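Remember, it's a predicted structure, so these values are computed and weren't measured experimentally.
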Amino acid sequence: MLESKFTYVSLESDERIHGEYEAALIEVEREFGERHPIYIGGREVTARREFEARSPIDPGILLGTFQEGGEEAAREAIAAANEAFPDWSGRDWQDRVAIIRRAAGLIEDRRFWLAALITYEAGKTRYEALAEVGEAVDMLRYYCSIYEQSNGYVSSMHSPAPGEECRSVMRPYGAWAVISPFNFPIALAAGMITGALLTGNTVVFKPTSKTPLSGVILYRLFVEAGVAPGAINLVTGPGGPFGEVVVAHPDVAGIAFTGSRAVGEWLLRESTAEQPYHKPVVAELGSKNPVIVTASADIEKAVEGVVRAAYGFGGQKCSATSRVYVQSSVAERFIEALRDRVNRIEVGDPRRREVTYGPLIDADARLTFQRAIEEAIRDGGRLVAGGEVLEGGLYGLGAYVLPTVITGLPHNHRLFGDELFVPILLLGTFESLEEGLRLANATDYGLTAGIFSEDPAEIRYFFDHIQSGVVYANRRGGATTGAWPGAQPFGGWKASGSTGRGAGGPYYLLSFVREQAQTLVTERY
């Protein structure tokens, strides 16, 4: 059983959170502007070059200065992780469980401070940021619970001969590289780190350079909880040099990565090429998530579910709804209701309570948005809502854009296939549910998908035929988003994931261990 349960809905309805969160916004600013080292084997290490991290809300806010750890830092951290491996893996697994539970408690104790940091560093609203911290807490505790229920993955087996005692033991690989993204800088990083540490591996952690301060703070919390020096190491800086080292280094036992498909597939390809005996890569690689709305759907519910999933955090989620297919007979009614709902979304400073979403993470994301709009209009698309970059005042400081709905593009258009990671929703129509499923499945990806229908037979057909790892029916709170540890294991099919095991699910930890069959002969025979 989980010791806590955060939910997005409860956060929205709990008035008590606002005072504590707003106080934390002031408190967290005291951490800004500091110079932060790399941590290798428990030592503070500086590099020859540094970089600054600034808030997407307002680039005038300097979050801190960080080290550009290159190939040398990566190699030193790998050596430290391997040196720490025998002791860390040799501990009783119950000790590691206790340490991870302490880490969960520390994250929970600082939940408002961490949420305020996520707002400043990633641009999330208070609701999204607090939900992320809660997800991290529940994820760590869920993994501890699963590991305990599995007896540390030690199972007694059948004895095929007299005098033999047989058991299966899942053993750690060694030192893992953990590479985390900007959009969930606490939850996704903490989940991957825990997957490795809890099962006895050691970690070299590299957070994205877009949100490095969250990575530094998370590293400190794991150390404060009792993770031994060298069992976790932190390297900040550009991803290219770090990736080149970890895919080729013989002492990197595995890689855990969440991010773009291009980078993930490169890691998978290069790690196999360098070490054909197989270096495991646990990769979550994004998606192009569809929602189907049938003629039997509750239109108001469908609109709300699609809007929440498409525009939460400005569409910068691998689970965001980016395609919606509506049965032709209700398409006009759905489009009108969707336009009205989208036009009521407030974009602005995510520190403000009433704002739905804040800035995109950087100027590159804004350029992606602009080019997609231009391409859609050029190719005959029609703007139902949005399509603008906001300018003036605060809007002129960051990458603020309006939530956008586009219709009129052919179903095989590039924008229906490529993940954009911006608040653009493509809308198409279909005649039969079979056609809607064909359109939904016509993608290389397969992470999340949703349907809105009041017909149980249609829902059963959808569940039986949709090619995605996480699927929802009639989910008003988020048509394709909002998976929670212990409830919806979060992992993709096809190009969306590499293992077939979802994060926050009962099989995730198995990706970080390998099986050893042990036989002890206890008597002569």
| query | How far apart are the closest heavy atoms of L218 and I186, and which atoms are they? | reply | CD2-O, 3.9 Å

| said: Atom CZ of residue position R35 - does it have more than 12 heavy atoms of other residues, nucleotides or ligands inside 6.0 Å? | reply: no

| Which residues satisfy the side chain to side chain contact (heavy atoms under 4.5 Å, CB included) test with A74, sequence neighbours excluded? | F242, V245

| Non-hydrogen side-chain atoms of L338 and L427 separated by less than 4.5 Å | yes

| query | Which word best sums up how the rings of F416 and Y325 line up, parallel for under 30°, tilted for 30 to 60°, or perpendicular for over 60°? | reply | parallel

| message | Please enumerate all residues that pass side chain to side chain contact (heavy atoms under 4.5 Å, CB included) together with V263, with sequence neighbours excluded. | response | F257, S260, L267

| Contacts of type side chain to side chain donor-acceptor pair (under 3.5 Å), residue E375, not counting sequence neighbours | R414

| More than 12 non-hydrogen atoms from neighbouring residues, nucleotides or ligands closer than 6.0 Å to CZ on R378, yes or no? | yes

| message | Could you check whether H18 and R126, counting side-chain N and O atoms only, form a donor-acceptor pair closer than 3.5 Å? | response | yes

| remark: Here the gap from T258 atom OG1 to I179 atom CD1, rounded to the nearest 0.5 Å, amounts to 9.5 Å

| task | Mind checking the CG-CD spacing from D298 to E304? Nearest 0.5 Å is all I need. | result | 11.0 Å

| said: Could you check whether any side-chain heavy atom of R111 comes within less than 4.5 Å of a side-chain heavy atom of L114, counting everything from C-beta outward? | reply: no

| query | Side-chain contact, heavy-atom cut-off 4.5 Å: P359 with R366? | reply | no

| Salt-bridged, R339 to E336, with N to O below 4.0 Å? | yes

| request: Give, for atom SG of C318 and atom CG of L285, the distance between the pair rounded to the nearest 0.5 Å. | output: 9.5 Å

| request: Please identify each residue that fulfils ring pair (Phe, Tyr, Trp, His ring centres under 6.0 Å) with Y219, with sequence neighbours left out. | output: Y39

| said: A320: which residues meet the side chain to side chain contact (heavy atoms under 4.5 Å, CB included) condition with it, sequence neighbours left out? | reply: K317

| Any side-chain heavy-atom pair of I57 and P350 under 4.5 Å | yes

| task | Please report the shortest heavy-atom distance between V470 and P489, naming the atom on each side. | result | CG2-O, 3.5 Å

| said: Tell me the closest heavy-atom pair linking V347 and Y400, and the distance in Å. | reply: CG1-CD2, 4.2 Å

| Any residue meeting ring pair (Phe, Tyr, Trp, His ring centres under 6.0 Å) with Y311, in chain and number order, not counting sequence neighbours | none

| Non-hydrogen side-chain atoms of T236 and H36 separated by less than 4.5 Å | no

| task | Provide the closest heavy-atom pair for A302 versus F334 in the form atom of the first, atom of the second, distance. | result | CB-CE1, 4.0 Å

| Got a sec, which residues hit side chain to side chain contact (heavy atoms under 4.5 Å, CB included) with A309, two or more places apart in sequence or on another chain? | T321, A479, T480, T481

| said: Check for me whether the distance between the ring centres of F51 and F66 falls short of 6.0 Å. | reply: yes

| note | Taken in chain and number order and not counting sequence neighbours, the residues that satisfy ring pair (Phe, Tyr, Trp, His ring centres under 6.0 Å) with F369 are none

| query | Any luck finding a side-chain donor-acceptor pair between Y120 and E29 under 3.5 Å? | reply | yes

| task | Please examine the side chains of P185 and I118, heavy atoms only from C-beta on, and report whether any two atoms are closer than 4.5 Å. | result | yes

| message | Applying salt bridge (charged side-chain N to carboxylate O under 4.0 Å, His left out), can you list everything that pairs with K494, at least two apart in sequence or on another chain? | response | none

| request: Would you indicate whether the side-chain heavy atoms of E20 and W113 approach each other to under 4.5 Å? | output: no

| Gap separating the OH atom of Y395 from the CD atom of E388, nearest 0.5 angstrom | 11.0 Å

| Any chance CZ of R220 has more than 12 other-residue heavy atoms, nucleotides or ligands included, within less than 6.0 Å? | yes

| SB check E300 R476 (cutoff 4.0 Å) | yes

| Excluding sequence neighbours, so at least two apart, what forms salt bridge (charged side-chain N to carboxylate O under 4.0 Å, His left out) with E332? | none

| Of all heavy-atom pairs between L213 and L63, which one has the smallest distance, and what is that distance? | CD2-O, 3.9 Å

| If you measure from NZ on K206 to CG on N233, what distance do you get to the nearest 0.5 Å? | 14.5 Å

| task | Any chance you could measure L383, atom CG, to I406, atom CD1, to the nearest 0.5 Å? | result | 5.5 Å

| field | Beyond-backbone contact of Y127 with R353, side-chain heavy atoms, under 4.5 angstrom | value | yes

| With the threshold set at 4.0 Å, does a side-chain nitrogen-carboxylate oxygen contact exist between E224 and R110? | no

| message | Tell me the closest heavy-atom pair linking R308 and G477, and the distance in Å. | response | CD-O, 3.5 Å

| Do any pairs count as a side-chain hydrogen bond (donor to acceptor under 3.5 Å, both in side chains) and have a residue in residues 58-74, sequence neighbours left out, and if so which ones? | E50-Q67

| note | Residue set satisfying salt bridge (charged side-chain N to carboxylate O under 4.0 Å, His left out) with E391, at least two apart, ordered chain then number -> none

